[in-house]
Amino acid sequence: TGFETSYSHPQIRNGELAKFGNKFWIFRHGVFELREFELNNNCTATYIRTINVDPSMYAASGSGVYTVNGLAAKDTNTLIMGSLDSSPASGGTLMEVDISGSTAVFTPLFQTGHINGDLVYIPSSNTIATTEFVGVGGSGVVARHYDYSGTILGESYVGGGSVGFGMFC
């Protein structure tokens with residue numbers, strides 16, 4: 001712990017950073033891992049640990065996931081991860097990820113559209129907000145608000161094209 005690490009594209013993509021309290025996690029593509037850091041009082045971060053992400057866990061979750069789109073922290077042991085299933089047209093799956101051990105454990109929550117950019121967990125209402133492609137070929141993007149079981153509570157059109165959106169709460 002305590003060493004300096006720099007990250008660069010393509011290992012980190014939009015919407016793959018989660019924060020809770022003074023900790024944050026980054027999902028690294030290609031190496032299938034989450035890195036946990038702690039924010040220090042002097043505006044620096046200290047590397048804490050690596051959490052293994054077994055690529056077969058995607059398939060084991062029953063969702064056929066092949067990439068991660070969006071990441072949020074529910075608490076210090078639980079992340080919420082958006083995914084893209086077998087193709088952009090097939091939508092995605094929101095998953096709860098237990099990171100209390102050295103290997104992440106995935107539990108599917110519910111199906112979504114193709115998450116485009118990011119998602120946010122809202123603790124005061126135990127709900128989740130996402131940005132997703134809608135329409136044929138992802139012709140537009142909506143912000144959607146879900147309860148924790150997947151019921152859409154509301155949505156709003158936010159733009160066309162393939163622009164990714166970052167979110168925070």
Side-chain angles (χ1 to χ4, degrees), residues 1-40 44-88 90-123 125-133 144 146-150 164-169:
T1 64
F3 63 86
E4 183 177 322
T5 304
S6 65
Y7 294 95
S8 62
H9 186 77
Q11 288 183 334
I12 299 172
R13 299 178 187 165
N14 60 334
E16 292 160 3
L17 177 102
K19 181 184 176 297
F20 185 86
N22 66 337
K23 290 189 176 182
F24 69 94
W25 299 265
I26 298 172
F27 181 80
R28 295 181 64 211
H29 281 271
V31 292
F32 299 103
E33 66 185 20
L34 288 153
R35 291 275 176 109
E36 180 176 294
F37 295 86
E38 186 170 24
L39 295 170
N40 304 312
T44 61
T46 302
Y47 167 78
I48 302 298
R49 66 184 175 131
T50 296
I51 303 161
N52 298 314
V53 177
D54 180 353
S56 68
M57 291 297 288
Y58 295 154
S61 70
S63 60
V65 173
Y66 76 83
T67 191
V68 173
N69 288 13
L71 186 65
K74 184 175 180 182
D75 56 46
T76 58
N77 291 311
T78 311
L79 301 179
I80 299 169
M81 186 179 282
S83 70
L84 182 60
D85 293 351
S86 57
S87 74
S90 67
T93 303
L94 273 182
M95 290 187 274
E96 191 171 82
V97 185
D98 179 345
I99 57 168
S100 60
S102 62
T103 299
V105 177
F106 292 78
T107 303
L109 293 175
F110 54 86
Q111 293 296 119
T112 65
H114 172 177
I115 293 177
N116 179 37
D118 210 356
L119 62 98
V120 173
Y121 173 70
I122 306 166
S125 58
N126 195 36
T127 59
I128 300 166
T130 65
T131 54
E132 302 175 22
F133 281 128
R144 285 198 171 132
Y146 292 96
D147 70 13
Y148 210 74
S149 64
F165 291 86
M167 301 173 72
F168 64 92
C169 180

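Predicted model only: the values in this text are computed from it and were never measured. Counting from 1, the numbers follow the sequence of the chain as shown.
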Determine the minimum heavy-atom distance between [X] and [Y], stating which atoms define it.
X      : Y      : answer
Asp147 : Phe110 : O-CE2, 3.8 Å
Ala72  : Leu119 : CB-CD1, 3.4 Å
Arg49  : Ile99  : NH2-O, 2.5 Å
Arg144 : Gly113 : NH1-N, 4.3 Å
Ile128 : Thr130 : CG2-CG2, 4.1 Å
Leu39  : Ala45  : CD2-CB, 4.2 Å

Practice task
Any chance you could lay out the side chain to side chain contact (heavy atoms under 4.5 Å, CB included) test for Thr112 and Tyr146, step after step, and finish with the verdict?
Solution key: CA-CA 10 Å; Thr112 65; Tyr146 292 96; 3.8 Å; yes

Hey, what do you get for [atom1] ([X]) to [atom2] ([Y]), rounding to the nearest 0.5 Å?
X      : Y      : atom1 : atom2 : value
Glu38  : Thr44  : CD    : OG1   : 10.0 Å
Phe106 : Asp98  : CZ    : CG    : 10.5 Å
Glu33  : Ile51  : CD    : CD1   : 9.5 Å
Tyr148 : Leu94  : OH    : CG    : 8.5 Å
Phe24  : Leu71  : CZ    : CG    : 12.0 Å
Leu34  : Thr103 : CG    : OG1   : 10.5 Å

Practice task
Return yes if a side-chain donor-acceptor contact under 3.5 Å exists between Glu96 and Tyr121, otherwise no.
Solution key: no

Exercise for the section: Test Thr76 against Glu36 for side chain to side chain contact (heavy atoms under 4.5 Å, CB included), laying out the working first. Expected result: CA-CA 10 Å; Thr76 58; Glu36 180 176 294; over 6 Å; no

